[in-house]
Amino acid sequence: MIRIYILGMLAKQDNYPYMLRKQLLEVQPFTALSEGKFYYDFEALNKNKFIEPVETIHEQKRPDKTIYSITKSGREYLQEELYSCFKKNAEIEDLYIAIYFLDFINIKKAAMIFEETIEREKRLWEKHEEKKDLLLTTESISITSQLITEHAFNKAHFNIEWMERLLVFIKNYKGQE
């Protein structure tokens, strides 16, 4: 997700790594983000030619600031990764950063992909629901297992509802406010 954030922000405007990290922590204050992880991802993007230095600012008594820009291949990679976020949906949290950068993808395509993801998720949990009902009627299931099962299903239902609200948001999206 860090790489998507870096690319998305550089697609909006050229910037330097320190400022991008600071902005990410403001947008996602609850994100555990080590400095090392951020700069590792930043360097990986640079190494893969998805971003490139465009200017170095020299200030007296301050370290140099290297300003970076996203490349054409970086923009293409950003689009692929954003679509992938709506397609795979391994974790709801993966969508948090992706929805900041809807301006860089085709909204109709993203909505269509995400709608398929939601339907797939619903079918998966419907199958699990059938097994859950059988499991919970079994007398041998422990209270611990019951609590875990309840939590998993409550979380899944909440996530699906949130995804459906997000889908409506995406379908009605008109661009950054």
Side-chain angles (χ1 to χ4, degrees), residues 1-12 20-42 44-45 50 76-177:
M1 298 286 64
I2 295 169
R3 293 178 189 198
I4 291 174
Y5 178 81
I6 292 167
L7 290 171
M9 291 303 287
L10 290 176
K12 289 181 177 189
L20 291 172
R21 182 172 183 272
K22 183 178 172 189
Q23 290 169 338
L24 175 58
L25 292 172
E26 289 170 3
V27 171
Q28 301 265 326
F30 49 87
T31 301
L33 176 62
S34 73
E35 197 170 324
K37 171 69 173 143
F38 179 84
Y39 287 105
Y40 174 83
D41 283 353
F42 199 91
L45 291 170
F50 294 141
E76 291 166 359
Y77 179 73
L78 173 62
Q79 283 186 340
E80 290 170 21
E81 289 299 299
L82 288 169
Y83 288 130
S84 179
C85 286
F86 292 110
K87 189 174 193 170
K88 65 180 179 187
N89 191 40
E91 292 291 328
I92 288 290
E93 291 78 8
D94 290 348
L95 296 168
Y96 293 175
I97 292 294
I99 59 180
Y100 278 103
F101 302 115
L102 292 175
D103 288 337
F104 302 110
I105 56 177
N106 178 302
I107 295 300
K108 287 182 182 178
K109 181 177 177 181
M112 184 183 73
I113 291 169
F114 195 46
E115 199 161 14
E116 290 170 2
T117 301
I118 293 169
E119 289 308 312
R120 193 172 55 248
E121 193 74 8
K122 283 180 178 178
R123 285 191 303 274
L124 174 73
W125 281 99
E126 284 170 5
K127 286 181 186 176
H128 290 313
E129 192 84 44
E130 294 167 9
K131 292 177 188 174
K132 177 190 99 171
D133 293 340
L134 287 172
L135 184 67
L136 292 178
T137 57
T138 306
E139 290 181 22
S140 63
I141 187 169
S142 69
I143 292 174
T144 306
S145 294
Q146 289 176 14
L147 286 170
I148 292 168
T149 301
E150 276 181 37
H151 177 261
F153 279 88
N154 288 338
K155 182 178 177 184
H157 288 296
F158 177 81
N159 286 348
I160 290 169
E161 287 173 11
W162 186 83
M163 290 165 59
E164 289 172 331
R165 290 195 321 264
L166 178 57
L167 178 61
V168 170
F169 172 79
I170 293 168
K171 286 180 174 181
N172 294 318
Y173 185 76
K174 303 289 186 230
Q176 290 289 335
E177 293 119 29

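Keep in mind that this is a model prediction, so the values were computed, not measured. One is the number of the first residue; the rest follow in order along the sequence.
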Can you name the closest pair of heavy atoms from [X] and [Y] and give their distance?
X	Y	result
Lys37	Ile2	CG-CD1, 3.5 Å
Tyr40	Arg3	CE2-NH2, 3.7 Å
Leu20	Met9	CD2-CB, 3.5 Å
Ala110	Tyr83	N-CE2, 4.0 Å
Ile107	Leu102	CD1-O, 3.6 Å
Ser34	Arg21	C-NH2, 3.8 Å

Inset, instruction - Indicate yes or no: at least one non-hydrogen side-chain atom of Ile118 is less than 4.5 angstrom from one of Leu166. - result: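 Sidechains of Leu166 and Ile118: no contact.
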
Inset, instruction - With the side chain counted from C-beta on, respond yes when Asp41 and Leu45 share a heavy-atom pair under 4.5 Å apart, and no when they do not. - result: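 Asp41 vs Leu45: side chains apart.
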
Euclidean distance, [Y] [atom2] relative to [X] [atom1], rounded to 0.5 Å:
X	Y	atom1	atom2	value
Lys12	Tyr100	NZ	OH	9.0 Å
Leu95	Thr117	CG	OG1	8.5 Å
Asn106	Leu82	CG	CG	12.0 Å
Glu35	Leu25	CD	CG	10.0 Å
Leu78	Glu80	CG	CD	9.5 Å
Met163	Ile170	CE	CD1	9.5 Å

Inset, instruction - Please confirm whether the backbone N or O of Lys88 pairs with a side-chain atom of Arg120, one donor and one acceptor, at under 3.5 Å? - result: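 Checking the backbone N and O of Lys88 against the side chain of Arg120, no donor-acceptor pair under 3.5 Å is found.
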
Legend entry - Derivation of the side chain to side chain contact (heavy atoms under 4.5 Å, CB included) call for Tyr96 and Met1: CA-CA 9 Å; Tyr96 293 175; Met1 298 286 64; over 6 Å; no

Inset, instruction - Can you label the angle between the Phe114 ring and the Phe86 ring as parallel, tilted or perpendicular, going by 30° and 60°? - result: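 Phe114 vs Phe86 ring planes: perpendicular.
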
Legend entry - side chain to side chain contact (heavy atoms under 4.5 Å, CB included) between Asp103 and Tyr173, worked out: CA-CA 9 Å; Asp103 288 337; Tyr173 185 76; 2.8 Å; yes

Inset, instruction - Could you tell me whether Glu119 and Lys122 have a side-chain N and a carboxylate O separated by less than 4.0 Å? - result: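 Looking at Glu119 and Lys122, the cut-off is met.
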
Legend entry - Check: Glu121/Trp125 side-chain N/O donor and acceptor closer than 3.5 Å: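 Result is yes, a qualifying pair exists.
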
Inset, instruction - Answer yes or no: does atom CG of Leu147 have more than 12 heavy-atom neighbours from other residues, nucleotides or ligands under 6.0 Å? - result: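 Yes, CG of Leu147 has more than 12 neighbouring heavy atoms, counting only those of other groups under 6.0 Å.
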
